[in-house]
S.K.: 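The structure under discussion is supplied below as structure tokens; questions concerning it will follow.
All ligand and atom numbering here is 1-based and tracks the order in the structure.
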Amino acid sequence: MESAKEKWVNVMPRIGEPAPSFKAVTTQGEIDFPKQYAGKWVILFSHPADFTPVCTSEFMTFATMAPQFAEANCELVGLSVDGLYSHIAWLRTIKEKIEYRGMKNVEVKFPLIEDIKMDVSSLYGMIQPGESSTKAVRAVFYIDPKGIIRTIMYYPLSTGRNFDELYRTLIALQTADAFSVATPADWRPGDEVIVPTAGSCGVAKKRMSTKGIKCYDWFFCTKKLSKEKIFSTILKKKKKK
Ligand code: BEZ
């Protein structure tokens with residue numbers, strides 16, 4: 001018979017569903033997730049362990065890029081199954097001692113959840129026993145301003161994440177929402193975007209002859225969308241002094 005905890009370990013959140021809620025202790029005090037992030041995007045990510053090299057390289061990069069994510073109305077929340085004092089000591093070591101790829105004196109200002117009992121990591125399918133039953137895998141959850149999970153990424157313990165891709169995915173999601181479009185393979189802001197497939201033959205024909213829309217076939221049409229238009233729409237406006 002499966003124990004309650006074993007059952008829980010098998011729970012996997014899904015795209016399009018509300019982010020499971022929890023309260024937890026973090027390096028920045030208690031958080032009520034995702035409630036306190038309502039109205040903002042939030043990326044909840046896990047790392048396997050404090051005081052390990054891949055995680056250190058990732059944390060330094062997350063912290064360095066945090067202002068760039070914040071400008072796109074997106075907060076960061078980290079998690080590992082380590083305790084609070086370990087988190088505090090590790091983040092202090094990063095700030096005081098580690099210089100890596102031009103990053104130094106890096107202060108991690110976003111919350112890092114302590115999850116010794118694996119409550120939150122189990123709830124989010126971050127404990128994947130085939131990879132490790134004592135550490136969380138490298139999970140990334142994108143949660144939108146309404147608290148809905150919009151993208152999930154899982155990486156194994158050995159592979160550090162690609163931060164260009166993490167940021168690109170956020171901008172692609174926000175672009176899809178703001179302009180009712182989709183983004184093709186390897187899309188980057190400024191590349192053509194995909195206009196939704198036409199519902200009927202007549203609409204498709206009309207669309208194929210619409211100026212500014214390029215159709216490869218009736219089901220595959222693109223249009224230009226400038227980088228400037230995207231960023232002026234989705235980035236938080238900086239206050240003029
Ligand atoms: C790392 O971050 O370097 C790491 C953590 C756990 C297992 C393997 C590597």
S.K.: In ligand 1, which numbered atoms sit nearer than 4.0 Å to a non-hydrogen atom of P48?
M.R.: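 Here the atoms of ligand 1 in question are 5 (C), 6 (C).
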S.K.: Taking atom types as modelled and ignoring hydrogens, do the side chains of S132 and Q128 form a donor-acceptor contact shorter than 3.5 angstrom?
M.R.: no
S.K.: Give the residue, atom name and distance (to 0.1 Å) of the protein heavy atom nearest atom 9 (C) of ligand 1.
M.R.: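 Here the closest protein heavy atom is L157 O, 3.9 Å.
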S.K.: Between K214 and Y216, is any side-chain donor less than 3.5 angstrom from a side-chain acceptor?
M.R.: yes
S.K.: Give a yes/no on ligand 1: does P53 have at least one heavy atom closer than 4.0 angstrom to it?
M.R.: yes
S.K.: Does R138 have a non-hydrogen atom less than 4.0 Å from ligand 1?
M.R.: yes
S.K.: Against heavy atoms of V54, which atoms of ligand 1 measure under 4.0 Å?
M.R.: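 Near V54, the atoms of ligand 1 are 1 (C), 2 (O), 3 (O).
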S.K.: Would T175 and W187 count as having a side-chain donor-acceptor pair, cut-off 3.5 Å?
M.R.: no
S.K.: Please report the interatomic distance CD1(I31) to CG(L112), rounded to the nearest 0.5 Å.
M.R.: 10.0 Å
S.K.: With side chains defined as the heavy atoms from C-beta onward, is the minimum distance between M60 and I98 less than 4.5 Å?
M.R.: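 Yes, their side chains come closer than 4.5 Å.
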S.K.: Considering the heavy atoms of C55, write down every atom of ligand 1 situated less than 4.0 Å from one of them.
M.R.: 1 (C), 2 (O)
